[in-house]
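Structure first, then comments.
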2 protein chains.
Amino acid sequence: MAAAVQLLVVAAAAAMAAACCAGMAAAAATVEVTWDVEYVLWAPDCQQRVMIGINGRFPGPNITARAGDVISVTMNNKMHTEGVVIHWHGIRQFGTPWADGTASISQCAVNPGETFVYKFVADKPGTYFYHGHFGMQRAAGLYGSLIVLDSPEQPEPFRHQYDDGGELPMMLLSDWWHQNVYAQAAGLDGKDRHFEWIGEPQTILINGRGQFECTLGPARKSFEKLLNENVETCVDDQKMCSDQEKCLRRSECGPYCPRSQCAPVVFNVEQGKTYRLRIASTTSLSLLNVKIQGHKMTVVEADGNHVEPFVVDDIDIYSGESYSVLLKADQKPASYWISVGVRGRHPKTVPALAILSYGNGNAAPPPLQLPAGEPPVTPAWNDTQRSKAFTYSIRARKDTNRPPPAAADRQIFLLNTQNLMDGRYRWSINNVSLTLPATPYLGAFHHGLQDSAFDASGEPPAAFPEDYDVMRPPANNATTASDRVFRLRHGGVVDVVLQNANMLREEVSETHPWHLHGHDFWVLGYGDGRYDPAAHAAGLNAADPPLRNTAVVFPHGWTALRFVANNTGAWAFHCHIEPHLHMGMGVVFVEGEDRMHELDVPKDAMACGLVARTAATPLTPATPLPPSPAPAP
Amino acid sequence: MAAAVQLLVVAAAAAMAAACCAGMAAAAATVEVTWDVEYVLWAPDCQQRVMIGINGRFPGPNITARAGDVISVTMNNKMHTEGVVIHWHGIRQFGTPWADGTASISQCAVNPGETFVYKFVADKPGTYFYHGHFGMQRAAGLYGSLIVLDSPEQPEPFRHQYDDGGELPMMLLSDWWHQNVYAQAAGLDGKDRHFEWIGEPQTILINGRGQFECTLGPARKSFEKLLNENVETCVDDQKMCSDQEKCLRRSECGPYCPRSQCAPVVFNVEQGKTYRLRIASTTSLSLLNVKIQGHKMTVVEADGNHVEPFVVDDIDIYSGESYSVLLKADQKPASYWISVGVRGRHPKTVPALAILSYGNGNAAPPPLQLPAGEPPVTPAWNDTQRSKAFTYSIRARKDTNRPPPAAADRQIFLLNTQNLMDGRYRWSINNVSLTLPATPYLGAFHHGLQDSAFDASGEPPAAFPEDYDVMRPPANNATTASDRVFRLRHGGVVDVVLQNANMLREEVSETHPWHLHGHDFWVLGYGDGRYDPAAHAAGLNAADPPLRNTAVVFPHGWTALRFVANNTGAWAFHCHIEPHLHMGMGVVFVEGEDRMHELDVPKDAMACGLVARTAATPLTPATPLPPSPAPAP
């Protein structure tokens, strides 16, 4: 339970205690927490750096609520110069679009020294997480897990397939760079030859823990084969372990000291029981693969939606996705490796390791006992067919299937291309790269300032040329930037086709996981090459498409989605790869603008930009001034 | 002229051209510049880091104006998550207190993506600089030089003592850390044993250029003696010099490539001429000493005020100070070293070097020619008597002396102590450590919101206990934090006695350079031990005290100042050591609060905090909303 001990569960104890009794009625409660967002010196991979933490820790505290509960987070920005917002990834925010936590879209960034209260309903059970959504603050460490337990009103159909008490600590995956995000951004913004790509991560983290440029115990040989280069075994200096101060803050204590910030996570199980393991990824870049030595997994949930169960040896997880798997402790009592490796890009990062340990129960963390034998090796990074097979396996669960509306009344085609603008690399959608205005879209519409706050003279293009060749670099590699938005009719049914294409470099197309705020969408289908309505529309899955909030578009391929624009607000839809979003890879949907004035938006959410300026007249004193104090003698 | 080439002079060409003709009448002009404040990857000491630059460069562009000119800086904040302000150090801002550039005091920090226009009068000739004044952004590299030339209305009496064309590029000194300021702040904020002091700088920079852990040419032996440790000679890899791309951005090119970002500054002179050299310091921590091989200097200006000329071998300069010296090129034609070393703290940093070169004129930068022989060594770091002797030598210039008012009508005693608060190190003034509110003081008063925006229930203490022993650590080492301000009557004459004291550690007291915004003050006197009015008041210098904006208080000593509170606004008065201010070492003076409503404050300056919230009602749309676009077919 080392990871669970690390994760601070605040005010959700009652909800957790009730986890045993999903069949019983429970009144909706409010889960209230208070967070200080602040810099912390932390050693997530045994190397100390500055990170954005919450309440003095990295990663941020876990939140656990029950479906229907209100979550109220009082967030104090204790950073000195940076604004901050927090996005609740997967929560749809019906009626509270101002709480979606996207700077420039749903609210003003909260200034240093200010407090903002996020208050929203945990609308359905599932596996979620939260993260910064301003600049690259997610990559700086601002994230944590958010679990919504099921309720009598919203039961999970697979609840009785795992044991009481069988909820393992959530596994939140991320990737980590030693170069800070300000330098990362400066490199990405660099003109011409001053562009510097962030490169592959230094370390993969499991619940904020990893080991930089080394691996635990006998894993070295396996990982040398995987990476095709030397891998060191982490130095085991047990005599340092007794210095708790150093082990909690500094790189002096290696991963073998259980109290060290870079010690591996241990998941404790009892033989014979079945467990639910929640897995989510908030990586900045990496597609990860999770493989457990000697155990299979049954996938039952994806992004807070039920999927028809299927059994796998390992799972791919893209940034922005979440899964629940059922895990049967059906092996002999021992410790087993969990490997988390990079796929989809040529890996240069040593896979992360965690431990599945039989028989420890909930006792205090024992001295670290490494599993015998070599850890499993995740599948070949470039086996795209395997990735597709996994993703295509995901279907809506038969007994709770909610099929999509039969037809859409709006179609939007989004071509994903890498481009250049004024000597700088950008990602573009239909040859337009997203920039964000200083006044949030939601505030602009709420205050009737949309004509001044951004380019409201039209929408971005909703299609791309008929003759565009997705297999080749863009013929016109120049792009323009725009802060235009798609303005959707409330209640409309929208089809989006994400069309991948070749990058600037010949014969390369990357994978992009697209995440939609404020909604789940049905994933109607995937395909290779260019989407052709005449050829492909009839073959889309109208019967049991999975509901997701994140969907991948494969290299040189397309992905077709459908959603209902029934959520008044301003919603980002973007590639969840942090540097790609930084470089403009997204669009914004504004829904129900004629209903915006009905929203009850907290003043604090919009006290910036044009809203603050326009409303702030007159500047004469509101109350009479007090007399000056008399001077001292 | 390498340094001058590096410094971008914008829109001030006319003013500079007129520098030759101070006797001629010149109409006041507006110096207009547009700046993008943005992250840059830079190698100021041959090691690449991210810095806060302006228009893609570090340090920021030089501004040159003539006394009486209006300076208009349109500042675009191109950082992604950080707010920003810029303080114009030494400019008094009569009538424009909102342009003083102090976050939480004179204005709201300018949000990412926003633009703010600073517009103020260059009120008197002198040597100034500008820098960030939000969090520790100054230490992140946000600074540059600001030169105000004299005018017929405000002639400088020493103008005819140096040659036409004898204005050398300004020498702006700073210190540099490889750990970024976010990590520095996290260390300073650390509780109990998690406190981490920033330590001594990695490198001293002259106009943003230095050499990390090495020195040029034959300087090694001298500096080894000074530092009492090994010093390396910088690697001279001339074959790299031809790769201009690398030399402009990366650490591949060492200091011997003239185009490298870490090449030393060369000051070019002609034999027989007399020059004016402006020197200013924006160090985060260090007291520096400047010594020129084989040349004496005549001090004529300090902080934009005339001083009675005196000749020195070297000058001490504290953070926040500026000087002009006259320098006669009276040696044989050759190159000479300029050394800049640390004093006042046990130095661990290799002195910085620049070159005074005879005979190059204004030709293109030649291959770097190092002076023969060893560079001069700056005086012993712990020779405090020498530092006092230099500082005490500074008197108002006889023929332009403006003596202070005969008496003050308010006296404020400010005890400087190091303290603890809730396990954290703080610096305190009369046992109160400064915190700043989210709503700027100036905006709070301007809008009549002072009773809500900060603790307006009283002033901070203006004295400390009679029996406080300044020679010992504080008996009560606990402090409290407050955002109270001193509220000064407009036109009042204020005396401030800065009283230094022992730190928490036995028998240690540090030097603190205090800087006052919005004013110059007269430095009436200095002394050792505790200030005693009965014993010391009569001995203060009422005849020719120098006017300054920054004054040092020596270890275990006191400094007495006088100023006239004739500038309506909210003004910081603080230790100019960046980490000390971060830890609370300052106070705020609010002057003429009954006149605040007469100020013409731009809306943009106060569009945050309570001002934005209070004024932003109602939230219903100001204009009718347009109809929703019809859905596409």
Side-chain angles (χ1 to χ4, degrees), chain A residues 39-41 49-50 80-83 109 111-114 134-137 180 182-183 185-187 190 193-194 196 245 249 409-411 437-438 446-449 462 487 489 492 593-594 597 601 603-604 606-608 611-617 619-623 625 627-629 631-632, chain B residues 39-41 50 80-83 109 111-114 134-137 180 182-183 185-187 190 193-194 196 245 249 409-411 437-438 446-449 462 487 489 492 593-594 596-597 601 603-604 606-608 611-617 619-623 625 627-629 631-632:
Chain A
Y39 297 119
V40 294
L41 295 174
R49 291 291 187 282
V50 66
H80 307 290
T81 56
E82 292 192 65
N111 281 337
E114 300 265 25
F134 188 35
M136 297 177 75
Q137 290 182 340
N180 64 56
Y182 320 97
R193 288 170 60 188
H194 298 316
E196 294 189 15
E245 277 292 329
R249 289 287 291 223
D409 47 20
R410 180 149 191 201
Q411 275 197 312
H446 192 64
H447 289 260
L449 296 166
R487 296 161 78 160
R489 180 178 64 83
E593 58 186 85
D594 50 337
H597 62 283
V601 179
K603 282 187 208 176
D604 295 13
M606 301 302 164
C608 70
V611 174
R613 278 165 190 65
T614 305
T617 41
L619 290 178
T620 45
T623 57
L625 289 167
S628 303
Chain B
Y39 297 117
V40 294
L41 295 175
V50 65
H80 307 289
T81 56
E82 293 193 66
N111 281 338
E114 300 265 26
F134 188 35
M136 297 178 74
Q137 290 181 339
N180 64 55
Y182 320 97
R193 289 171 59 190
H194 298 317
E196 294 189 17
E245 276 291 329
R249 288 288 291 224
D409 47 21
R410 180 150 191 201
Q411 274 196 312
H446 192 64
H447 288 261
L449 297 166
R487 295 161 78 159
R489 181 179 64 82
E593 59 186 84
D594 51 336
M596 290 277 186
H597 62 282
V601 179
K603 283 187 209 178
D604 294 13
M606 302 301 163
C608 70
V611 174
R613 279 165 189 65
T614 304
T617 43
L619 291 178
T620 46
T623 57
L625 289 166
S628 305

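Chain letters run A, B, ... following the sequence lines, proteins first and then strands; every chain starts at 1. Predicted model only: the values in this text are computed from it and were never measured.
Put simply, OH on Tyr182(B) and NE2 on His80(A) are 11.5 Å apart, with the number rounded to the nearest 0.5 Å.
For the set Leu41(A), Asn111(A), Thr81(A), the count of heavy-atom pairs under 4.5 angstrom toward chain B peaks at Thr81(A).
Both the backbone and the side chain of Asp604(B) come within less than 4.5 Å of a heavy atom in chain A.
In terms of heavy atoms, Ala438(B) sits closest to Gly113(A) at CB-O, 4.2 Å.
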